[in-house]
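Only a predicted model underlies this, so the values are computations on that prediction, with no experimental measurement involved. We count ligands from 1, going down the list as the structure has it; atoms in each ligand are counted the same way.
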Amino acid sequence: MKPVLAVEDLTVTIGTRRGPAHAVAGVDWAVQPGETLALVGESGSGKSMSVLAATGLAPRTARVTGRVHLLGTELTGLGQDRRRRLRGRHIGFVFQDPMTSLNPVLTVGRQVTEAAEEHLGLTRRAARSRAVELLEMVGIPSAGQRVDAYPHQFSGGMRQRVVIAMALACEPDLLIADEPTTALDVTTQAQIVELVADLQRRLGTAVVWITHDLGVVAGIADTVAVMYAGRILEQGPVDAVFGTPSHPYTEALLAARPDPAAGGAELVTIAGAPPSPLDLPAGCAFWPRCPVRGDARCEHELPPLVPVSAGHQVRTFYPQPTDGERR
Ligand SMILES: Nc1ncnc2c1ncn2[C@@H]1O[C@H](COP(=O)(O)OP(=O)(O)OP(=O)(O)O)[C@@H](O)[C@H]1O
Ligand SMILES: [Mg+2]
């Protein structure tokens, strides 16, 4: 089966006044049809930039290298227009702030099907009834009336539902959701996560979900890639990565997870800070913060990504023992 979206050795280097910033320093991942890939990792690890670059949306100041395949078609080297059309037809986006995706002076009905009109050649009238259908699908009450309302007449959660309807209007093969619930209250967050999971089951859409919330990942993802300083430190099936984390960074992230039983307070944070993308170290980027760091090798030599079990890989010279061995 061909992956919906696959990146190979993707790098993104952004020119800044202080020199080149290595936002993404060589990542490989793929999302299979109907599956959810979660990208996790601390702020600045390159999660957003890797999906933006993969879909041709990196800033103009960025230099992107590597290979990207969308449904088997190599995107690298395609013209802007062709890439834009492929993206519009096959990928839907949901970002953190719904207002960045919505036009305040257009009714939600017009916006939901704007792209679909272009890509599917719908008439205005067909588009309106399709808009009502889509708004119903994402759980907007009284969709028949709300279709003529403007974004400011909706709550934050309802706006994000509208954006999801917009993203799904062209029946994309892939939905990219970049922290889609961060701006919402906890109850609404859970509803949006549930909505996307339900739509995915019904429509068979593949999803790339970027989040800081490892609880959500455990609930909805099939595979997970843990990013740090522009690289993947651990990736694989979510059960394997969370059940038997092999990289000390993954272990630390899991330990720093807020405990709902303790009222959701952040209990542990990882001491230290990631390196600057302007000055990535030659060796393991996590080395200065690593609790099990070994020797000069970690400092000077980049550990390769090595397999630990089926589909589960880790980038460290010191893979942690499996659960069975440890406990
Ligand atoms: N336009 C830009 N110019 C220069 N550097 C940038 C630009 N956009 C992002 N970066 C840098 O690229 C790196 C990766 O950024 P990215 O936005 O992908 O991180 P992220 O993992 O999505 O973080 P967050 O969780 O905060 O969204 C960061 O170090 C960031 O500072
Ligand atoms: Mg981001």
Side-chain angles (χ1 to χ4, degrees), residues 5 7 9-29 31 36-66 68 91-101 160 163 167 174-184 189 192-193 196 207-217 221 223-235 241 247 249-250 252-254 256-258 266 269-270 272-282 284-286 288-289 315:
L5 187 67
V7 306
D9 199 19
L10 184 75
T11 75
V12 184
T13 311
I14 305 171
T16 76
R17 271 182 303 162
R18 291 190 296 141
H22 302 280
V24 180
V27 306
D28 293 70
W29 49 247
V31 56
T36 297
L37 163 70
L39 299 181
V40 304
E42 280 167 294
S43 191
S45 55
K47 305 181 296 294
S48 298
M49 203 47 75
S50 63
V51 293
L52 291 174
T55 53
L57 294 172
R60 282 181 196 287
T61 48
R63 199 172 79 87
V64 179
T65 68
V68 179
I91 307 179
F93 291 87
V94 182
F95 296 109
Q96 179 172 333
D97 177 2
M99 283 317 270
T100 58
S101 309
Q160 200 58 304
V163 173
L174 175 66
L175 186 71
I176 291 181
D178 190 346
E179 304 200 37
T181 64
T182 309
L184 306 172
Q189 280 184 12
I192 295 290
V193 170
V196 173
V207 178
V208 175
W209 188 289
I210 297 178
T211 181
H212 289 267
D213 190 334
L214 300 188
V216 167
V217 176
T223 55
V224 58
V226 180
M227 290 195 69
Y228 188 79
R231 292 198 174 91
I232 291 174
L233 296 192
E234 183 159 7
Q235 74 188 138
V241 173
H247 200 290
Y249 180 59
T250 312
L253 273 185
L254 287 166
R257 193 159 40 156
E266 193 111 336
T269 53
I270 308 171
S276 161
L278 295 168
D279 188 21
L280 286 188
C284 174
F286 188 59
R289 304 170 77 186
R315 188 188 288 284

Please indicate whether any nitrogen or oxygen in Ser43 is less than 3.5 Å from any nitrogen or oxygen in ligand 1. yes
Return the set of residues passing side chain to side chain donor-acceptor pair (under 3.5 Å) with Thr13 (not counting sequence neighbours), or none when no residue passes. none
Do you see a protein non-hydrogen atom under 4.0 Å from atom 13 (C) of ligand 1? yes
May I ask you to decide if the ring planes of His247 and Tyr249 are parallel, tilted or perpendicular, using 30° and 60° as cut-offs? perpendicular
Return the residue, atom name and 0.1 Å-rounded distance of the protein heavy atom closest to atom 11 (C) of ligand 1. Ala23 CB, 4.3 Å
Please examine the side chains of Val193 and Thr181, heavy atoms only from C-beta on, and report whether any two atoms are closer than 4.5 Å. yes
Protein N/O/S atoms under 2.8 Å of the Mg ion (ligand 2)? Ser48 OG
Ligand 1 atoms nearer than 4.0 angstrom to some heavy atom of His212 are 25 (O)
Tested for side-chain contact (heavy atoms from CB on, under 4.5 Å) against Trp209, the lone hit among Val196, Asp178, Leu39 is Val196
In the protein, which heavy atom is nearest to atom 29 (O) of ligand 1, and how far is it? Pro277 CG, 3.1 Å
When you measure from atom 18 (O) of ligand 1 to every protein heavy atom, which one gives the shortest distance, and what is it? Met49 N, 2.8 Å
Do Val24 and His22 have side chains that approach each other closer than 4.5 Å (heavy atoms only, starting at C-beta)? no
Given side chains that start at C-beta, do those of Trp29 and Ser50 come closer than 4.5 Å, heavy atoms only? yes
Identity and distance of the protein heavy atom lying nearest atom 28 (C) of ligand 1: Gly44 O, 3.6 Å
To which protein heavy atom is atom 3 (N) of ligand 1 closest, and what is the distance rounded to 0.1 Å? Ile14 CG2, 3.4 Å
The atoms of ligand 1 lying under 4.0 Å from a heavy atom of Thr16, numbered in the order shown, are 4 (C)
Let me see the working for Gln235 and Val241 under side chain to side chain contact (heavy atoms under 4.5 Å, CB included), right down to the final yes or no. CA-CA 7 Å; Gln235 74 188 138; Val241 173; 5.7 Å; no
Hey, what do you get for CD1 (Ile232) to CZ (Arg315), rounding to the nearest 0.5 Å? 8.0 Å
For Gly41 and ligand 1, does the shortest N/O to N/O distance drop below 3.5 Å? no
Side chain or backbone of Met227 under 4.0 Å from ligand 1, or both, or neither, by non-hydrogen atoms? neither
Return yes or no for this condition: an N or O of Pro59 is under 3.5 Å from an N or O of ligand 1. no
Does any non-hydrogen side-chain atom of Val64 lie less than 4.5 Å from one of Thr11? no
Check ion pair Arg289-Glu42 (N to O, under 4.0 angstrom): yes
Which heavy atom in Ile14 sits nearest to a heavy atom in Ala62, and how many Å separate them? CG1-CB, 4.0 Å
Examine Ser50 against ligand 1 and note whether any of their N/O atoms are separated by less than 3.5 Å. no
For Glu234, enumerate each residue passing the side chain to side chain donor-acceptor pair (under 3.5 Å) test, keeping only those at least two apart in sequence or located in another chain. Thr250, His312
Protein contact of atom 27 (O) of ligand 1 - nearest heavy atom, named by residue and atom, plus distance: Glu179 OE2, 3.5 Å
Under the side chain to side chain donor-acceptor pair (under 3.5 Å) test, which residues partner Thr223, sequence neighbours left out? none
Tell me which protein heavy atom sits closest to atom 22 (O) of ligand 1, plus the residue, atom name and distance to 0.1 Å. Ser48 OG, 2.8 Å
